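The next block holds one structure in the form of structure tokens; read it before the comments.
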Amino acid sequence: MKFSKKIIDWYSVNKRSLPWRETKNPYYIWLSEIILQQTQVKQGLPYYEAFVANYPTIFQLAEANESEVLKLWQGLGYYSRARNLHASAKYVTNILNGVFPDNYKDLLNLKGVGDYTASAIASICFNEATAVVDGNVYRVLSRYFGIETPINSSKGTKEFKLLAQELIDKKKPAEFNQAIMEFGAIQCKPQNPDCHVCPFTKGCIAFNKNKIADFPVKLKSAKAKKKYFNFVVFISNDNKTILEKREGKGIWQNLYQFPLIETNKEINYEAFKNLVENHKLIQKQPFELSLYNEEVIIHKLSHQHLYTKFWIVSLESKITGAIPIEEITDYAVPIVIGNFLESFNF
DNA sequence: AAATCGGGGGA
DNA sequence: TCCCCAGATTT
């Protein structure tokens, strides 16, 4: 039996029931695909429900403010996805007159839509036979065909896309693409795949060489760098605080944070007190300094480990430009700050 | 080609 | 600890 038929048969029996499988509306499929980039279904599901509820159509998403979209995205990470989602909604609404792109090539013009997402939308919504290659597909194909080319090399990218494109059922591209991803997600898993009930073991090179755990091959990535973040939580005598918008390049772009003082190593109470005395919002007026977390919080991102301290600075005066404490929850903040807000008693 | 961009969860 | 997740974009 052909690979494509076998995987589609498996899918018809084993597929999970998921909300985005009940529609072919390109807006909903696009939304789900962006949310699910580098994100497990379990983590992305509540966000999908929230976005559909808040923005039932792409026009409503286009009319929203970016700050509102980021607030809804808060906690999901990779925030450029949210910014690009919003920008593309405006693009489709205002430039394309509300007509969603209906083919692979045009879909690539949407910000945040690359080869994978364009292939997914084109196949699922418009029956275009273009193969998806996500983390699941890399794993399934590398194991079954015993391919040792690193999946995160440019050679690997081309090789796996070409192979997937040869395998795809050109009459059922939507089913094939979703089938191979679902198979990778719930059966041909990274750890402890369910080979004992797998219909592909007879032809699976990795299985027959007893080398399942050796696939896929991947180049090592650089180790995370350590950074030392000191958030300054001002509290004025009228119960207000300072939040700043993160501008520029790095992480958490356009999200809000307490004023940040980054140091090149962990800093103790006395040293930080000297530092903060010169802060523009202090100006030598009396203040009380306390450290919220005696144990440094290590917030781990893919490429950075943030050694984080929250310093509470209480003032006996008002602060210009400050916001009332109770309004903080209106702002999109990184989850490390969101966690602080939930546990700190202002 | 390599680095960057989050956060959660599993072993 | 390290690795992975319905990847895309920038450097």
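Order of the sequence lines sets the chain letters (A, B, ...), proteins ahead of strands, with each chain counted from 1. The analysis underlying the following values was restricted to heavy atoms, covering all of them including side chains, and did not include hydrogens, waters or symmetry mates. Predicted model, so just to flag it, every value in this text is computed and none were measured.
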Exercise. Is the distance from OP1 or OP2 of B/dG10 to the nearest side-chain N or O of A/Lys189 less than 4.0 Å?
Worked result: no
Exercise. Closest to the A/Leu301 side chain: C/dC4, C/dA6, B/dG7?
Worked result: B/dG7
For this session: Determine the interatomic distance between P on C/dA6 and the same-named atom on B/dA3; round to the nearest Å.
Result: 25 Å
For this session: Would you indicate which nucleotide in C/dC5, C/dT11, B/dG6 comes nearest to any side-chain atom of A/Arg139?
Result: C/dC5
For this session: For the pair A/Phe310 and A/Phe258, name the ring-plane relationship: parallel under 30°, tilted 30 to 60°, perpendicular over 60°.
Result: perpendicular
Seminar exercise, completed: Whole-Å distance, A/Tyr138 OH to C/dG7 C1', equals 9 Å
For this session: Spell out, yes or no, whether A/Val296 and A/Phe231 are grouped together once hydrophobic residues are joined by side-chain heavy atoms under 4.5 Å, including indirect joins.
Result: no
Exercise. Of all the nucleotides listed (B/dT4, C/dA6, B/dG6), which has the minimum atom distance to the side chain of A/Tyr79?
Worked result: B/dG6
Seminar exercise, completed: Taking C/dA6, B/dG7, B/dT4 as options, the one with an atom nearest any side-chain atom of A/Trp252 is B/dG7
For this session: Using the closest heavy atom to pick a nucleotide of DNA chain C for each, name whichever of A/Leu110 or A/Asn136 lands nearer the 5' end.
Result: A/Asn136
Exercise. A/Ile180 and A/Val197: same hydrophobic cluster, using ILVMFWY side-chain contacts below 4.5 Å?
Worked result: no
Seminar exercise, completed: Whichever of A/Gln304 and A/Gln191 has the more 5' nearest nucleotide on DNA chain B, that residue is A/Gln304
For this session: Would you mind reading off the distance between A/Lys300 atom NZ and B/dG6 atom P, rounded to a whole angstrom?
Result: 18 Å
Problem set entry | ILVMFWY cluster, A/Tyr256 and A/Trp252 together (side-chain gap under 4.5 Å) | yes
Seminar exercise, completed: Rounded to whole Å, CD1 of A/Ile335 lies from C1' of B/dG9 at a distance of 15 Å
Problem set entry | Atom pair distance, as rounded to whole Å: CG in A/Leu36 and P in B/dG7 | 17 Å
For this session: Starting at atom CZ of A/Phe340, determine the distance to atom C1' of B/dG7, rounded to an integer number of angstrom.
Result: 20 Å
Exercise. Do the side chain of A/Tyr78 and the base of B/dG6 come within less than 3.5 angstrom through a donor-acceptor pair of N or O atoms?
Worked result: yes
Exercise. For A/Gln178, which contact category applies under a 4.0 Å heavy-atom criterion: base, sugar-phosphate, or nothing?
Worked result: nothing
Exercise. Does the base of B/dG6 carry an N or O that pairs as donor and acceptor with the side chain of A/Ser302 under 3.5 Å?
Worked result: yes
For this session: Please state how far atom CZ in A/Arg81 lies from atom C1' in C/dG7, giving the value in whole angstrom units.
Result: 9 Å
For this session: Report yes if at least one side-chain N or O of A/Gln38 is closer than 4.0 Å to OP1 or OP2 of C/dG7; otherwise report no.
Result: yes
Exercise. Under 4.0 angstrom, heavy atoms only, what part of the nucleic acid is A/Arg16 near: base, sugar-phosphate, or nothing?
Worked result: nothing
Problem set entry | Salt-bridge present (A/Lys189, A/Asp194; N to O < 4.0 Å) | yes
Exercise. Mind checking the P distance from B/dG6 to C/dT10? Whole angstroms is fine.
Worked result: 14 Å
For this session: Would you mind classifying the nucleic acid contact of A/Lys249 as base, sugar-phosphate or nothing, using non-hydrogen atoms under 4.0 angstrom?
Result: sugar-phosphate
Exercise. In terms of hydrophobic clusters joined by side-chain contacts under 4.5 Å, are A/Ile267 and A/Val313 together?
Worked result: yes
Exercise. Just checking A/Gly75: base, sugar-phosphate only, or nothing, at a heavy-atom cut-off of under 4.0 Å?
Worked result: sugar-phosphate
Problem set entry | Distance-only donor-acceptor test (3.5 Å): side chain A/Arg83, base C/dA8 | no
For this session: Tell me what A/Lys220 touches on the nucleic acid: a base, only sugar-phosphate, or nothing, going by heavy atoms under 4.0 Å.
Result: sugar-phosphate
Exercise. Is there a path from A/Leu72 to A/Ile335 through hydrophobic residues (I, L, V, M, F, W, Y) whose side chains come within less than 4.5 Å of each other?
Worked result: no
For this session: Please state how far atom CG in A/Leu76 lies from atom C1' in C/dA6, giving the value in whole angstrom units.
Result: 13 Å
For this session: Could you check how far NE2 of A/His299 sits from P of B/dG7, rounded to whole Å?
Result: 4 Å
For this session: With the side chain of A/Pro190 defined as its heavy atoms from C-beta on, choose the nearest nucleotide among C/dC3, C/dA6, C/dC4.
Result: C/dC4
Exercise. Distance check: side-chain N/O of A/Lys225 vs OP1/OP2 of B/dT4, anything under 4.0 Å?
Worked result: yes
For this session: Would you indicate which nucleotide in B/dG7, C/dT1, C/dG7 comes nearest to any side-chain atom of A/Thr117?
Result: C/dG7
Exercise. Which part of the nucleic acid does A/Val132 contact within heavy-atom distance under 4.0 Å: base, sugar-phosphate only, or nothing?
Worked result: nothing
Problem set entry | Ion pair check, A/Glu182 and A/Arg21, cut-off under 4.0 Å | yes
Seminar exercise, completed: Quick note, A/Val41 side chain, CB onward, closest among C/dA6, B/dG7, B/dA11 is C/dA6
Exercise. Below 4.5 Å, heavy atoms only, C-beta onward: do A/Trp10 and A/Gln187 meet side chain to side chain?
Worked result: yes
Exercise. At under 4.0 Å between heavy atoms, what does A/Gly250 touch on the DNA or RNA strands: base, sugar-phosphate, or nothing?
Worked result: sugar-phosphate
For this session: Scan A/Gln60, A/Glu68, A/His86 and name whichever one has a side chain to side chain donor-acceptor pair (under 3.5 Å) with A/Tyr55.
Result: A/Glu68
Exercise. Can you find a heavy atom in the side chain of A/Leu76 that is under 4.5 Å from one in the side chain of A/Gln43?
Worked result: yes
For this session: Could you check whether A/Trp73 gets within reach of a base, just the sugar-phosphate, or nothing at all, counting any heavy atom under 4.0 Å?
Result: nothing
Exercise. Considering only B/dG8, B/dC5, B/dA11, which nucleotide approaches the side chain of A/His303 most closely?
Worked result: B/dC5
For this session: Look at the side chain of A/Thr39 and the base of C/dG7, then say whether one donor and one acceptor between them are separated by less than 3.5 Å.
Result: no
Problem set entry | Side chain of A/Gln37 (C-beta onward), nearest among C/dG7, C/dA6, B/dG7 | C/dG7
For this session: Could you check whether A/Asn177 gets within reach of a base, just the sugar-phosphate, or nothing at all, counting any heavy atom under 4.0 Å?
Result: nothing
Exercise. According to a 3.5 Å limit on both distances, what stems of 3 or more consecutive Watson-Crick or G-U pairs are formed with DNA chain B?
Worked result: B:1-5 with C:7-11, B:7-11 with C:1-5
Seminar exercise, completed: Among C/dT11, C/dT1, B/dG8, the one nearest any side-chain atom of A/Gln40 is B/dG8
